[in-house]
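Here the structure comes first, spelled out in structure tokens, and everything after it is commentary.
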Number of protein chains: 2
Amino acid sequence: MAQTDTINDTNIDFGMLAESVGYRLRRAQMNFFAKFTEICSDLGISPGLFSVLVIVEKNPGLTQTAVAQALGNDRSAMVAAVDKLESMKLIERRPAKNDRRSYALFMTKYGQEFFEMSSRKVSDYESTMMARLHSDQEKDQLIDMLKRLS
Amino acid sequence: MAQTDTINDTNIDFGMLAESVGYRLRRAQMNFFAKFTEICSDLGISPGLFSVLVIVEKNPGLTQTAVAQALGNDRSAMVAAVDKLESMKLIERRPAKNDRRSYALFMTKYGQEFFEMSSRKVSDYESTMMARLHSDQEKDQLIDMLKRLS
DNA sequence: ATTCTATTGTTGTACACCACAACAGTTATT
DNA sequence: AATAACTGTTGTGGTGTACAACAATAGAAT
């Protein structure tokens with residue numbers, strides 16, 4: 001079989017990917033998410049668990065499936081998530097008043113403090129990333145465009 | 001234990017997430033990626049395999065690890081990927097000329113045709129998504145901002 | 001030359017994530 | 001009263017991904 005030279009170029013042509021919005025979106029999101037995951041990890045949770053906290057904090061009394069639907073997850077994924085957050089004393093399951101099948105999810109007092117501290121760190125991170133944009137107006141435009149692509 | 005009403009609001013408060021660039025980035029990317037995955041699936045490949053094709057097509061003769069580095073993957077992930085693409089007769093491993101450890105990756109003729117057909121479909125999809133933006137200038141600005149966030 | 005270190009492809013493993021099916025208990029509908 | 005629909009839960013399988021280890025090979029050091 002014919003043997004061939006390999007190329008070890010540090011300057012690789014990404015072809016259509018270079019100017020593809022889908023690829024750029026993915027790259028930016030992965031970069032953003034990597035640091036966010038790290039922050040969450042320092043807090044002892046995962047990004048998914050943090051998103052559950054956000055929903056429960058702003059919408060006390062939600063059902064597990066309601067939270068799952070809000071986040072676009074399967075409700076089966078909620079079990080382990082709520083188990084974990086409950087074992088950390090951050091949220092609690094209370095039996096629903098008029099439906100013995102379901103639980104209502106609530107923040108504990110400690111969970112509230114934990115959440116405020118956590119979301120402060122997350123907001124700080126957001127701010128440092130936003131410094132890469134030129135203006136608040138640009139940021140608003142970015143969010144607007146991203147919403148249109150969702 | 002006190003029982004409590006559940007809330008089944010369709011109008012859920014996403015709190016800090018609603019105006020968070022990180023969250024919006026994730027949402028847009030996931031939405032974008034879901035359809036992209038579907039297109040790839042129709043072609044019989046995965047998004048990861050498609051990205052390998054893009055790199056190999058534009059950079060013939062690359063080593064497996066070079067492709068892995070370009071894509072930010074571990075080189076161990078490349079084995080199954082190249083196995084699959086080779087079994088589909090899309091690319092081929094040729095023994096490297098001056099290094100008996102490594103292979104040089106090349107597109108087959110059929111792989112070339114397959115890739116052109118595939119990237120056409122992917123580009124079409126990109127175009128339909130870009131229709132949600134107001135202008136080409138807006139698209140350029142979006143890509144520019146996304147690059148800054150990477 | 002010989003030894004030591006680095007690299008390549010490869011395999012195995014472990015872990016996170018996610019979708020899906022199934023189930024018992026409960027509620028809603030007919 | 002019967003049937004369908006929904007809740008939390010468990011299990012399973014697929015997928016992606018990071019990491020360690022290995023033999024073969026290459027490069028560097030002495």
Side-chain angles (χ1 to χ4, degrees), chain A residues 3-8 10 26 29-31 33-34 36-38 40-41 44-52 56 61-87 91-105, chain B residues 3-8 10 26 29-31 33-34 36-38 40-41 44-52 56 61-87 91-105:
Chain A
Q3 293 179 334
T4 321
D5 281 326
T6 57
I7 302 177
N8 245 4
T10 62
R26 182 167 170 79
Q29 192 272 334
M30 284 181 61
N31 180 49
F33 206 67
F36 175 57
T37 301
E38 195 179 309
C40 285
S41 177
I45 59 179
S46 69
L49 292 179
F50 180 77
S51 67
V52 172
V56 171
L62 276 189
T63 287
Q64 288 185 197
T65 50
V67 175
Q69 284 171 351
L71 294 172
N73 299 334
D74 194 275
R75 67 185 198 274
S76 64
M78 211 49 54
V79 181
V82 175
D83 282 354
K84 171 81 174 174
L85 293 176
E86 209 172 24
S87 78
I91 69 176
E92 56 185 18
R93 286 187 244 236
R94 298 184 199 163
K97 197 175 183 178
N98 43 8
D99 190 338
R100 284 185 295 177
R101 292 171 301 181
S102 57
Y103 298 114
L105 300 180
Chain B
Q3 293 178 334
T4 321
D5 281 326
T6 55
I7 301 177
N8 244 2
T10 62
R26 183 166 168 78
Q29 192 272 334
M30 283 180 61
N31 179 50
F33 207 67
F36 175 57
T37 301
E38 195 179 310
C40 285
S41 177
I45 58 179
S46 69
L49 292 179
F50 180 77
S51 67
V52 172
V56 171
L62 277 188
T63 287
Q64 289 185 196
T65 49
V67 174
Q69 285 172 349
L71 294 172
N73 300 334
D74 194 273
R75 67 186 198 275
S76 63
M78 211 50 53
V79 181
V82 175
D83 281 354
K84 170 81 174 174
L85 293 176
E86 211 173 23
S87 77
I91 69 175
E92 56 184 19
R93 287 187 242 236
R94 298 184 197 162
K97 196 173 182 178
N98 42 7
D99 190 338
R100 280 186 297 176
R101 293 171 301 179
S102 57
Y103 298 114
L105 300 181

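Throughout, a chain's letter reflects where its sequence line sits, starting with A, and its residues are numbered from 1.
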[X] [atom1] to [N] [atom2], straight-line distance once rounded to whole Å:
X	N	atom1	atom2	answer
A:Met78	D:dT10	CE	C1'	16 Å
A:Leu49	C:dC17	CG	C1'	12 Å
B:Asn98	D:dT25	CG	C1'	12 Å
B:Asp99	D:dA24	CG	C1'	10 Å
A:Gln69	D:dG8	CD	P	10 Å
B:Glu86	C:dG9	CD	P	13 Å
B:Phe50	D:dT15	CZ	P	19 Å
A:Asp74	D:dT10	CG	P	14 Å

Within less than 4.0 Å of OP1 or OP2 of [N], is there a side-chain N or O belonging to [X]?
X	N	answer
A:Arg75	D:dT9	no
A:Arg93	D:dT9	yes
A:Thr65	D:dG8	yes

Item checked: Residue whose nearest DNA chain C nucleotide is more 5′ - B:Asp83 or A:Gly48 -> B:Asp83
Margin query: Both A:Gly72 and A:Arg101 contact DNA chain C. Which one's nearest nucleotide lies toward the 5' end?
Written below: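 With A:Gly72 and A:Arg101 compared, the 5'-side residue is A:Gly72.
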Notebook entry, point to check: Can you find an N or O donor on one side and an acceptor on the other, under 3.5 Å apart, linking the side chain of A:Ser102 with the base of D:dC6?
Noted result: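 Check fails, no donor-acceptor contact within cut-off.
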Notebook entry, point to check: Is B:Ser76 side chain donor-acceptor paired with the D:dC19 base, going by distance under 3.5 Å alone?
Noted result: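 Per atom types, the contact qualifies.
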Item checked: Non-hydrogen side-chain atoms of A:Met78 and A:Thr65 separated by less than 4.5 Å -> no
